[in-house]
Amino acid sequence: MPPFLNTPKTDGPYARRWWALLVLCLSLLIVVMANTSLIVAAPDMTRDLGLSSSDLQWVIDGYTVPYAALMLVLGSIGDKYSRRGALVTGLVVFAAGSVLGSLVETTSSVILARAIMGIGAAVVMPATLSLLVAIFPRHERARAITAWTATSGLAIAAGPLVAGWLLDDHGWGSTFLINVPVAVLAVIGALFLVPPSKAQGMGRIDYVGGLLSIVSVGALVYATIEGPHFGWGAGPVTAAVVAAVSLPAFVWWELRHPHPMLDVRKFRLRPFSGSMLAVLFFFFGTFGAIYYATQFLQFVLGYGALETGVRLLPLAGAVFVGAAATGRLTPKLGMKVTVVAGMLIGTAGVLLLTRIDTGSTYADFLAPLMMLGLAIGLSVSPATDTIMGSFPESELGVGGGANDTALELGGSLGIAVLGSLLGTAYRDELADLVGNRLPAAALHTAQDSVGAGLAVAERVARDPAAGPEQARALVGAVHESFAHGVAATSLVGGIIMAAGTAIVLAVLPGRRGAPRDRTSDEAAAGAGERASERVDAAQA
């Protein structure tokens with residue numbers, strides 16, 4: 001019988017678990033690359049499709065909103081019916097959205113394709129974590145999660161690198177196709193190498209709680225993206241009100257349901273709540289900083305897509321170094337020390353970007369990028385291990401969804417809030433520098449983004465009434481304004497991360513305090529030691 005229909009039962013851990021981990025990491029790779037590759041493809045897409053700032057934001061967030069909103073529910077469905085089946089289904093949906101994105105030629109169609117990819121990612125991400133915990137015994141799980149974390153760092157650099165290589169000779173549609181062969185390979189690997197797994201005795205899915213979670217998280221992400229970027233009009237305000245009503249309703253429902261979608265009482269457990277906060281605050285600063293640092297490399301320093309990808313490689317290397325270090329340090333020092341140390345290094349890396357000015361070169365970004373990579377490697381793995389260890393066998397998909405929702409919500413907030421601050425600082429500085437030398441319409445266009453400012457400078461250069469000298473002056477003003485925005489935004493981002501680090505330091509228990517948290521301790525043990533039972537039961 002083919003191995004994807006029947007896997008022999010074993011008394012110990014699953015024999016091919018490290019090969020299965022490779023499949024899970026490949027699946028994670030394309031989910032993260034879907035956003036990082038878009039960073040370097042954005043200029044080409046903006047030019048070819050005539051994207052406004054709002055259009056480009058929704059090309060990005062058409063992926064983010066369904067991705068963040070659906071993970072809890074789809075993780076629970078995977079627990080109930082088949083975690084491996086969920087992984088394969090998510091990969092197929094993700095690949096279909098990628099193929100669609102490579103073929104379309106309108107803004108709305110690109111956003112639709114990205115949304116389909118986001119739905120697929122919302123299935124894949126929690127499935128990778130739940131399968132990882134189900135396959136690996138407790139004493140090996142930290143190493144497996146470290147490899148999972150390191151894959152995220154690799155994807156941050158690999159996405160721009162591969163996309164940049166393709167963009168040298170092909171259109172932006174080719175960057176969507178990066179995902180397809182990897183998804184096909186991961187599907188084949190999942191069928192032959194990943195064992196069947198599902199929860200035992202889970203009971204009925206809490207669909208009402210699931211719907212409330214979709215509404216509350218989706219509305220919150222939408223409001224935090226739209227409001228800071230484009231003003232608090234009717235849409236963002238309505239979404240904020242919906243989130244403010246649905247989130248307490250979700251908590252109320254979950255507290256009273258016999259089998260809740262997410263047991264919100266877990267937030268009383270200091271290891272769990274501290275780890276969730278660590279993931280959220282950390283990715284708030286990290287994603288925001290990488291977002292605008294990459295723009296500086298492209299628009300101010302003039303690096304092409306491939307050149308930008310190459311210059312992000314030190315970040316990926318630093319992730320691997322941090323992941324190797326946390327594997328050795330966490331057992332000796334405890335997860336609180338490594339998580340907080342990683343957050344401190346990440347905060348320092350963001351604050352280093354306050355030195356950026358018009359004379360800055362890539363060398364000024366090298367240390368901050370490496371510090372952010374090292375921080376990812378140090379912090380994320382032990383925090384994720386703690387979050388997943390807080391869930392019993394029947395809720396591993398929900399645990400993965402909770403971890404990934406914190407990650408995605410933090411990243412969305414970082415890009416939205418810090419991106420909005422960057423845009424405001426850029427607009428104000430540009431108005432001060434050239435406001436009396438440009439027509440109002442041209443100034444308004446140039447203030448939309450650094451890319452738009454450079455496009456206006458190109459038009460000025462072709463205008464006989466202006467000429468190259470005025471165009472060079474405008475380019476200098478755009479560069480100076482964006483550098484000012486990066487420095488000012490990094491200061492705010494660093495302060496927020498420092499405050500988050502202080503909160504996490506206060507919430508996370510020390511090594512002496514953690515064992516007293518009996519509920520979390522029992523959940524962690526139960527989630528790890530019954531790994532072979534889960535696999536065997538699913539095959540029966």
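The shortest non-hydrogen separation linking Ser275 to Leu508 is N-CD2, 3.8 Å. Across Met71 and Thr405, no two heavy atoms sit closer than the pair CE-N, 3.5 Å. Taking each heavy atom of Ala122 and Pro66 in turn, the nearest pair found is CB-O, 3.9 Å. Here the closest heavy-atom approach between residue Ser27 and residue Leu87 is recorded as OG-CD1, 3.7 Å. Summarising the geometry of Gly173 relative to Ser102, their closest heavy-atom pair is O-CB, 3.2 Å, with the distance given to 0.1 Å. For Leu72 against Met261, the heavy-atom pair with the smallest separation is O-SD, 3.8 Å.
With ring centers used as reference points, Phe272 lies under 6.0 Å from Phe391.
Side chain of Arg83 to backbone of Leu131: no donor-acceptor contact under 3.5 angstrom is found. Remark: the backbone N or O of Ala147 is paired with a side-chain donor or acceptor of Thr151 at under 3.5 angstrom. Between the side chain of Lys266 and the main chain of Ser273, no donor-acceptor pair closer than 3.5 Å is present. Within the 3.5 Å criterion, the main-chain N or O of Ala127 finds a donor-acceptor partner in the side chain of Ser130. No donor-acceptor pair closer than 3.5 Å links the side chain of Ser37 to the backbone N or O of Gly159. Panel note: side chain Thr326, backbone Gly322; no donor-acceptor pair is recorded below 3.5 Å. Side-chain N or O atoms of Lys80 include none that pairs as donor or acceptor with a backbone N or O of Ala199 at under 3.5 Å. A distance-only check finds a donor-acceptor pair linking the side chain of Arg114 to the backbone of Val59 [under 3.5 Å].
For Trp18, the CH2 atom sits in a packed shell: over 12 heavy atoms of surrounding residues, nucleotides or ligands are nearer than 6.0 Å.
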Verdict with reasoning, Leu407 to Phe287, per side chain to side chain contact (heavy atoms under 4.5 Å, CB included): CA-CA 10 Å; Leu407 186 157; Phe287 273 32; 4.3 Å; yes
Steps toward side chain to side chain contact (heavy atoms under 4.5 Å, CB included) verdict (Lys332, Val337): CA-CA 10 Å; Lys332 296 178 180 179; Val337 173; over 6 Å; no
Side chain to side chain contact (heavy atoms under 4.5 Å, CB included) assessment of Val99 paired with Val180: CA-CA 7 Å; Val99 171; Val180 177; 3.7 Å; yes
Pair Phe94-Ile30, side chain to side chain contact (heavy atoms under 4.5 Å, CB included): steps then yes or no: CA-CA 9 Å; Phe94 191 90; Ile30 57 172; 3.8 Å; yes
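Side-chain contact check for Phe283 versus Leu409: every heavy-atom pair is 4.5 Å or farther apart. Proximity of Arg16 to Phe192: side-chain heavy atoms (C-beta onward) are nowhere separated by under 4.5 Å. Taking the side chain as every heavy atom from C-beta outward, Arg17 and Leu21 never approach each other to under 4.5 Å. Between Leu262 and Glu395 there is no side-chain heavy-atom pair separated by less than 4.5 Å. Taking the side chain as every heavy atom from C-beta outward, Asp206 and His259 never approach each other to under 4.5 Å. Using a 4.5 Å cut-off on side-chain heavy atoms (C-beta onward), Val31 and Tyr63 make contact. Residues Phe176 and Met117 are in side-chain contact: their nearest non-hydrogen atoms beyond the backbone lie under 4.5 Å apart. Annotation: side chain of Met497 is not in contact with side chain of Met343 (no heavy-atom distance under 4.5 Å).
Separation of atoms CD1 (Ile290) and CZ (Phe365) is listed at 12.5 Å; rounding is to 0.5 Å. Here the CG atom belonging to Leu70 is positioned 8.5 Å from the OG atom belonging to Ser213, to the nearest 0.5 angstrom. In this structure, the separation between CD1 on Ile116 and CD1 on Ile111 is 12.5 Å, given to the nearest 0.5 Å. Interatomic distance, CZ of Phe281 versus OG1 of Thr347, reported as 10.5 Å (0.5 Å rounding). To the nearest 0.5 angstrom, Leu193 atom CG is 10.5 Å from Ile188 atom CD1. The NE2 atom of His170 sits 13.0 Å away from atom CG of Asp44, with the distance rounded to the nearest 0.5 Å.
A perpendicular orientation is assigned to the rings of Tyr362 and Tyr303, their planes being inclined by more than 60° (bins at 30° and 60°).
Side-chain contact of Thr128 with Trp148: a donor-acceptor pair under 3.5 Å is present, judged by distance alone.
Look at Asp79 and Lys198 and you find no salt bridge, because none of the NZ, NE, NH1 or NH2 atoms lies under 4.0 Å from a carboxylate O.
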